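These figures come from a predicted structure and were not determined experimentally.
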Amino acid sequence: MARLQILELPEGAADARAPFVVVLDQVEQSSAFDSVAARRQLDESARAWGASGTLVAADTIEIPANDVPIGPDGYPVRFKVEADVAGFGEDVAAAICRARAEADRATEGGHLFGGPGFEDPLRCQRCGTDRTAWAVLRNAPTCASVQARGGV
């Protein structure tokens, strides 16, 4: 009886995903796949699946990556993987805080109002612009333009 397998190919620099070919082995001479039309149809289907091509053979083609180790009980061997995620939650929370702060600075013209350890939360830590005055001005200057002018 014919077997359908996948053979992954080496990736190239321009490949968006791993290239592969569809392998159909152990094809008997009297089977439905022993015709040019059937092989052409298989090739068209494989290319629709994203394969680079097909390989049809009467012989057995062993693909080591497709081998599943069998345990002494006759069932496939399963591995349990436990990740060490200690401290991961804190790292994610810190990254979220940094991203939020960067988004706030982008929407506030690059100003850094109320930075950690800064004594006046209403003044930009970088250029000294007053947050209240900056918020009501229609053409409020960005932090970079204030610094270029030499201050407030």
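Here the shortest heavy-atom pairing between Glu8 and Ala18 reads OE1-CB, 4.2 Å. For the pair Ser52 and Arg47, the tightest heavy-atom approach, listed with the atom from each and the gap, is O-NH1, 2.7 Å. The two atoms that bring Ala2 and Val27 nearest to each other are CB-CG2, 4.2 Å, heavy atoms only. Shown here for Arg17 and Gly50, the closest heavy-atom pair between the two residues is NH2-CA, 3.1 Å.
Hydrophobic clustering places Leu4 together with Ile6 (ILVMFWY residues linked when any side-chain heavy atoms are closer than 4.5 Å, directly or through intermediates). Residue Leu24 is not grouped with residue Ile63 when hydrophobic side chains (ILVMFWY) are merged at heavy-atom distances under 4.5 angstrom, including chains of intermediate members. Both Leu42 and Phe20 sit in one connected hydrophobic cluster of ILVMFWY residues. Membership requires side-chain heavy atoms under 4.5 Å apart, directly or through other members.
In this structure the side chain of Thr129 never reaches within 4.5 angstrom of the side chain of Arg123, judged on heavy atoms.
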Exercise for the section: Evaluate side chain to side chain contact (heavy atoms under 4.5 Å, CB included) for Leu7 paired with Leu55, printing each intermediate quantity in order. Expected result: CA-CA 10 Å; Leu7 173 63; Leu55 178 62; 5.5 Å; no
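Applying the side-chain contact (heavy atoms from CB on, under 4.5 Å) criterion to Thr60, with sequence neighbours excluded, gives Arg3, Asp25, Gln26, Glu62. Partners of Ala46 under the side-chain contact (heavy atoms from CB on, under 4.5 Å) rule, at least two apart in sequence or in another chain, are Val22, Trp49, Ala51, Thr54.
Checked for salt-bridge contact, Arg39 and Asp43 miss the test: no charged N lies under 4.0 Å from a carboxylate O.
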